[in-house]
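Note sheet for the following structure.
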Amino acid sequence: MPKRFTVTAALPYTNGPIHIGHLAGVYIPADIYSRYLRLQNKDVAFICGSDEHGVAIALKAKKEGKTPQQIIDQYDQLIRESFESFGIAFDHYSRTSRKIHHQTAQEFFKILYDKGVFEEKDSEQLYDPEAEQFLADRFVTGTCPICQNPEAYGDQCESCGSSLSATELIHPKSTLSGAQPELKKTRHWYLPLNQYEDFIKEWILEGHQHDWKPNVYGQVKSWVSNGLQSRAVTRDLDWGITVPVKNAEGKVLYVWFDAPIGYISSTKEWAEKNGKEWESYWTDKETQLVHFIGKDNIVFHCIIFPVMLKASDRFILPENVPANEFLNLEGQKISTSKNWAVWLHEYLKEFPDQQDVLRYVLTANAPETKDNDFTWEEFQARNNNELVAIFGNFINRVMVLTHKYYDGYVPEPGTLEQEDLDALETMAKLPAKIGQTIENYRFREASQQLMGLARLGNKYLADAEPWKLIKTDPERVKTIMHTALQISSALAILAEPLLPFSSTKLKNMLNLDSKNTSWAAVETQKALLEPKHLLGKTALLFKQIEDDQMDAQRKKLTAAALENNIEEKLFAPVKPTTSFKDFDALDLRVAEIIQAKKVRKTKKLMELTVLMGDEERTVVSGIATNFEEAELVGKKVTLLANLKPRSLKGIESQGMVLLGENQGGHLVFVGPEDQTTVSGTPIK
RNA sequence: CGCGAGGUAGAGCAGUGGUAGCUCGUCGGGCUCAUAACCCGAAGGUCGCAGGUUCGAGUCCUGCCCUCGCUACCA
């Protein structure tokens with residue numbers, strides 16, 4: 001076992017609140033892991049903080065007419081408070097906007113800079129002459145060169161799905177000022193990942209083939225086999241950490257360069273406050289570093305950050321990066337922008353004192369091996385059928401019986417029979433089993449093992465039937481209740497990492513001596529509760545969740561998403577005046593769809609065969625997410641007939657079907673009102 | 001033929017060559033200490049599809065299909 005542990009959880013980005021996806025993917029598993037280690041009396045630093053730089057925050061601030069500082073202050077506070085009341089027990093939660101982080105990140109950059117690690121390269125990038133700044137690809141919109149969508153982004157066209165480069169756009173426009181961007185030379189520092197391919201291969205592909213999760217390992221393998229590229233670690237932006245070298249005015253560290261360093265600066269801050277030495281947590285070989293992240297972060301935590309650490313020649317590398325997959329919500333992807341999410345701060349208000357329910361549901365259904373779905377139906381079922389019916393009910397039975405028979409005092413046991421011994425033995429083996437599971441990052445399984453103990457308790461009571469024996473053999477009942485109380489105590493202790501609030505509640509109910517609450521106590525102590533020990537008052541550990549609560553949640557979800565949709569999109573402004581000649585150049589015709597087939601291996605493309613007069617044409621159109629094959633056949637549509645043919649996915653598209661797009665992103669055909677219009681009819 | 005992960009009972013998952021398992025749900029029975037909770041039993045799967053290797057395949061190989069990610073918001 002390593003001497004100490006540095007556990008990090010992905011730094012939340014302060015442009016929105018925390019939702020259940022973040023919790024299930026990162027914060028709950030990280031918290032379980034750290035709590036478990038602390039119960040083992042390990043030296044643990046559980047580190048996190050707000051990630052507050054980057055383009056997205058700058059953009060959001062501009063949109064809302066605020067300063068970036070206002071945005072990050074607002075969300076940092078919200079996130080900080082909701083983590084706190086949800087019981088994510090960070091040892092330290094910092095912010096990347098703090099001085100200590102700016103210093104640490106700059107030092108880090110300097111170390112690599114002085115070692116000559118970086119490549120310096122000039123490149124031409126789009127520049128907004130009005131806003132006087134360089135534009136990230138996302139800040140540029142224009143007409144897609146492939147599908148002619150006038151609102152394609154600089155990095156991707158959402159209409160046809162093609163990935164683009166901002167310089168390819170026709171009529172590019174800066175989203176900051178509306179000005180037409182120009183190309184301008186700029187100099188940046190690049191991290192030459194390609195020089196570290198062998199390092200990554202040896203370290204991960206050979207060294208961690210069996211102990212890292214397949215999804216993480218596979219992802220890394222995929223990146224490496226595609227060949228690693230140099231990556232710019234600086235940006236032209238006015239929001240971030242200034243690049244600490246000469247000739248770098250107006251440049252900041254790329255947010256992905258500075259963010260992981262936030263783990264280090266947060267550790268420093270924590271160490272300073274607690275009179276500790278931070279270095280050992282990041283440089284000592286006997287420290288085990290573990291990063292908890294979501295799958296989108298794999299490349300940064302398995303390749304880029306490790307390369308930075310390695311290049312510094314100073315820091316240790318992560319022992320494991322147990323990244324989770326994604327959680328969906330009621331069958332759809334969680335989306336901040338579409339407001340399709342369960343927000344933590346709202347949950348905490350609407351389900352007061354029920355943090356553990358969400359913790360349990362998100363753990364039991366965690367996306368450990370593949371994407372999973374969160375539904376309110378399951379939330380309710382797991383609460384009512386598992387937490388209430390199995391765990392809570394067992395405790396309640398034991399408490400009620402003990403108070404009834406012995407006025408709340410733990411009875412003196414007689415001779416233990418085989419069934420008692422069996423139950424106690426199973427119980428004593430559980431800490432090691434759960435521990436093993438947690439150490440292997442299998443939190444889902446750990447939650448089931450814990451529930452297994454409560455299940456065992458119920459069965460033990462059902463088999464022993466103390467409520468019957470109390471009339472015939474009261475001495476035997478004492479032994480039974482004593483045993484059941486030991487199981488209850490074990491539950492209180494072992495529940496701590498997974499259900500910390502309930503664990504505390506239960507310990508208080510049992511009046512459990514804090515000296516007896518370590519992980520090891522369950523395996524070694526004969527009696528966690530001694531005879532004549534007085535229990536506290538009985539209270540319900542969990543409560544039933546009713547149907548109407550769930551209905552309300554579901555309604556809220558759809559309502560919020562709908563409202564968001566209406567507010568979100570405004571129609572694009574009218575384009576510049578054109579001439580009749582230009583319009584006349586377009587040959588629009590009525591055409592009839594006679595066949596429709598989804599293009600294989602694409603999301604949006606549909607291969608249409610249309611009839612224009614007696615001419616048959618093939619048209620590839622990005623409408624597959626909106627329409628089924630069957631409903632298209634027989635439809636009369638408007639076809640732009642003289643558009644230059646273009647090959648999409650190997651199919652030549654001979655024209656373009658005209659569609660209107662409404663606010664919700666739904667497509668509607670623009671065709672002749674009279675569906676009997678003869679196909680081939682020209683439109684003027 | 002871009003790469004990676006996943007596709008096992010109604011739902012969520014385990015199972016890397018030797019008679020298909022766990023939890024929840026469903027159905028039937030029992031019990032009454034307990035938040036109509038608990039306990040027992042049963043039904044329910046041609047392990048995405050098609051081939052192949054093997055005495056034997058969910059498990060190995062080949063091809064294909066579906067979902068998700070790698071690609072905005074985002075874990």
Side-chain angles (χ1 to χ4, degrees), chain A residues 9-10 12-13 15-16 18-27 56 59-60 137-138 153-158 161-164 213-226 292-299 323-328 333-341 361 364-373 375 377-378 381-382 384-390 392-405 442 444-445 447-448 451-452 454-455 457-468 470 477 481 484 538 540-544 600-601 603 650:
Chain A
Y13 198 56
N15 71 339
I18 294 292
H19 58 61
I20 54 170
H22 303 118
L23 294 175
V26 178
Y27 303 103
L59 184 61
K60 191 179 177 89
D137 286 349
R138 266 274 137 178
Y153 286 97
D155 50 356
Q156 188 190 26
C157 172
E158 299 193 345
S162 328
S163 30
L164 304 170
K213 294 173 65 170
N215 56 335
V216 178
Y217 181 86
Q219 194 68 236
V220 171
K221 200 171 153 195
S222 162
W223 275 82
V224 172
S225 60
N226 285 340
F292 284 88
I293 55 167
K295 70 172 159 182
D296 58 333
N297 261 336
I298 290 173
V299 63
N324 274 333
E325 299 287 298
F326 279 179
L327 187 71
N328 293 327
K333 278 213 257 185
I334 294 178
S335 166
T336 303
S337 55
K338 288 180 188 150
N339 204 7
W340 188 259
V361 174
N365 188 28
E368 283 178 9
T369 49
K370 60 162 196 191
D371 290 0
N372 270 344
D373 196 28
T375 62
E377 189 184 358
E378 187 190 344
R382 290 232 185 239
N384 292 357
N385 302 333
E386 297 181 32
L387 290 177
V388 173
I390 297 169
N393 187 47
F394 169 64
I395 298 301
N396 195 236
R397 296 170 84 178
V398 175
M399 290 298 292
V400 168
L401 286 176
T402 309
H403 277 280
K404 193 166 168 183
Y405 298 156
R442 298 168 69 138
R444 206 164 47 188
E445 193 177 331
S447 72
Q448 288 314 299
M451 202 49 72
R455 218 170 264 125
N458 275 320
K459 183 164 163 49
Y460 174 76
L461 282 185
D463 291 345
E465 300 184 303
W467 49 89
K468 275 189 187 162
I470 194 72
V477 174
M481 290 317 298
T538 306
L540 293 182
L541 217 44
F542 303 99
K543 59 181 185 194
Q544 291 276 350
R600 264 179 37 194
K601 293 197 176 179
K603 285 178 198 167

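Residue numbering restarts at 1 for every chain, and letters A, B, ... go by the order of the sequence lines. Every heavy atom of this structure was used, including side-chain atoms; hydrogens, water molecules and symmetry mates were not.
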query = Of the nucleotides U23(B), G12(B), G69(B), which one has an atom closest to the side chain of Phe326(A)?
reply = G69(B)
key: Sidechain-backbone polar pair: Glu368(A) side chain, Arg444(A) backbone, donor-acceptor under 3.5 Å   = yes
message = It should be established whether Arg442(A) places a side-chain nitrogen or oxygen under 4.0 Å from OP1 or OP2 of nucleotide G15(B).
response = yes
query = G63(B) pairs with which nucleotide, Watson-Crick or G-U wobble, both distances below 3.5 Å?
reply = C49(B)
query = What is the distance, rounded to the nearest whole Å, between atom CD of Glu325(A) and atom P of G12(B)?
reply = 15 Å
Distance between P atoms of G52(B) and A57(B) (Å, rounded) = 12 Å
Base-pairing assignment for C24(B) (Watson-Crick or G-U wobble, both under 3.5 Å) = G10(B)
inquiry  = Can you check the distance between A43(B) and G6(B), where both ends of the measurement are the C1' atom (answer in whole Å)?
reply    = 29 Å
request  = Would you indicate what Gln544(A) reaches in the nucleic acid, counting non-hydrogen atoms under 4.0 angstrom: base, sugar-phosphate, or nothing?
outcome  = base
Interatomic distance at C1', G21(B) relative to C47(B), whole Å = 12 Å
query = Would one find a side-chain N or O of Arg455(A) under 4.0 angstrom from OP1 or OP2 of C24(B)?
reply = yes
key: Heavy-atom side-chain contact between Trp340(A) and Lys333(A) under 4.5 Å   = no
request  = Determine the contact category for Tyr13(A): base if any of its heavy atoms lies under 4.0 Å from a base atom, sugar-phosphate if only primed atoms, P, OP1 or OP2 are that close, otherwise nothing.
outcome  = sugar-phosphate
query = Could you state the CD-C1' distance from Glu368(A) to A5(B), rounded to the nearest angstrom?
reply = 15 Å
request  = Name the nucleic acid region contacted by Lys404(A), choosing base, sugar-phosphate or nothing; use a 4.0 angstrom heavy-atom cut-off, strictly under.
outcome  = sugar-phosphate
ask   = Hey, does the side chain of Lys370(A) come within less than 4.0 Å of G69(B)'s phosphate (OP1/OP2), counting only N and O?
value = no
query = Lys295(A) side chain N/O closer than 4.0 Å to the phosphate oxygens (OP1, OP2) of G4(B)?
reply = no
query = Which comes earlier along RNA chain B counting from the 5' end, the contact point of Pro214(A) or that of Val400(A), where each point is its nearest nucleotide?
reply = Pro214(A)
Rounded interatomic separation in angstrom, taking CG from Asn372(A) and C1' from A75(B) = 14 Å
ask   = For the side chain of Leu541(A), counting heavy atoms from C-beta on, which of U35(B), G4(B), C13(B) is nearest?
value = U35(B)
request  = Would you indicate what Gly218(A) reaches in the nucleic acid, counting non-hydrogen atoms under 4.0 angstrom: base, sugar-phosphate, or nothing?
outcome  = sugar-phosphate
message = Tell me whether Lys213(A) contacts the main-chain N or O of Ala323(A) through its side chain, where contact means a donor paired with an acceptor under 3.5 Å.
response = yes
inquiry  = Over all strands shown, is Lys213(A) touching base, sugar-phosphate only, or nothing at heavy-atom distances under 4.0 angstrom?
reply    = nothing
key: Strand partner of C3(B), provided both Watson-Crick or wobble distances fall under 3.5 Å   = G69(B)
note = Of the listed A34(B), C39(B), A75(B), the closest approach to the Asp463(A) side chain comes from C39(B)
remark   = By nearest-nucleotide position on RNA chain B, the 5'-leaning member of Ala389(A) and Gly21(A) is Ala389(A)
key: Between C33(B) (P) and Leu401(A) (CG): distance, integer Å   = 9 Å
key: Distance, rounded to the nearest Å, where Leu540(A) contributes CG and A37(B) contributes P   = 14 Å
request  = Could you tell me whether Asp371(A) contacts a base, only the sugar-phosphate backbone, or nothing, with contacts defined as non-hydrogen atoms closer than 4.0 Å?
outcome  = sugar-phosphate
remark   = By the Watson-Crick or G-U definition, both distances under 3.5 Å, G58(B) is matched with none
inquiry  = Whole angstroms only, please: what is the CD1-P distance between Ile334(A) and C74(B)?
reply    = 13 Å
query = What distance, rounded to whole Å, do you find between the two C1' atoms, one in C1(B) and one in G63(B)?
reply = 12 Å
inquiry  = Distance check, P atoms only: G48(B) and C13(B), in whole angstrom units.
reply    = 15 Å
ask   = For Gly392(A), does its backbone N or O pair with a side-chain atom of Asn396(A) as donor and acceptor, under 3.5 Å?
value = no
inquiry  = Less than 4.0 angstrom between a side-chain N/O of Asn15(A) and OP1 or OP2 of C74(B), yes or no?
reply    = yes
task = Please check if the side chain of Asn215(A) supplies one atom and the backbone of Lys370(A) the other of a donor-acceptor pair under 3.5 Å.
result = no
query = With no hydrogens and no angle check, is any side-chain donor or acceptor of Tyr27(A) less than 3.5 Å from a backbone partner on Ile20(A)?
reply = no
key: Candidates C33(B), C74(B), A37(B) - which lies nearest the side chain of Asn393(A)   = A37(B)
ask   = How far, in whole Å, is C31(B) from G12(B) if one measures between their C1' atoms?
value = 29 Å
task = Please work out if Ser335(A) contacts a base, only the sugar-phosphate, or nothing of the nucleic acid, heavy-atom cut-off 4.0 Å.
result = base
inquiry  = Of the options A75(B), C31(B), C38(B), whose atoms approach the side-chain atoms of Ala462(A) most closely?
reply    = C38(B)
ask   = Within the distance-only criterion (no hydrogens, no angle test), does the side chain of Asn365(A) pair as donor or acceptor with the backbone N or O of Asn372(A) below 3.5 angstrom?
value = no
message = From CD of Glu465(A) over to P of C40(B), roughly how many Å is that when rounded to an integer?
response = 12 Å
message = Is Asn458(A) close enough to A37(B) that one of its side-chain N or O atoms is under 4.0 Å from OP1 or OP2 there?
response = no
remark   = Between Gly25(A) and Asn324(A), the two heavy atoms sitting closest are O-ND2, 3.0 Å
key: Which nucleotide in A72(B), G25(B), G4(B) has an atom nearest any side-chain atom of Lys333(A)   = A72(B)
query = Counting any heavy atom closer than 4.0 Å, what does Ile298(A) reach on the DNA or RNA strands: base, sugar-phosphate only, or nothing?
reply = nothing
Counter-base of C74(B), judged by Watson-Crick or G-U geometry with both distances under 3.5 Å = none
request  = Classify the nucleic acid contact of Val388(A) as base, sugar-phosphate or nothing, counting any heavy atom under 4.0 Å across all strands shown.
outcome  = base
task = Between A11(B) and G44(B), how far apart are the C1' atoms? Round to whole Å, please.
result = 13 Å
Between P of G12(B) and CG of Leu327(A), the distance in whole Å = 12 Å
inquiry  = Categorize Glu386(A) for me: base, sugar-phosphate, or nothing, with a 4.0 angstrom heavy-atom threshold over every strand shown.
reply    = sugar-phosphate
ask   = Quantified in whole Å, what is the P atom distance between nucleotide A9(B) and nucleotide G2(B)?
value = 29 Å
CA sep, side-chain torsions, deciding dist, call: Glu378(A), Asp373(A), side chain to side chain contact (heavy atoms under 4.5 Å, CB included) = CA-CA 9 Å; Glu378(A) 187 190 344; Asp373(A) 196 28; over 6 Å; no
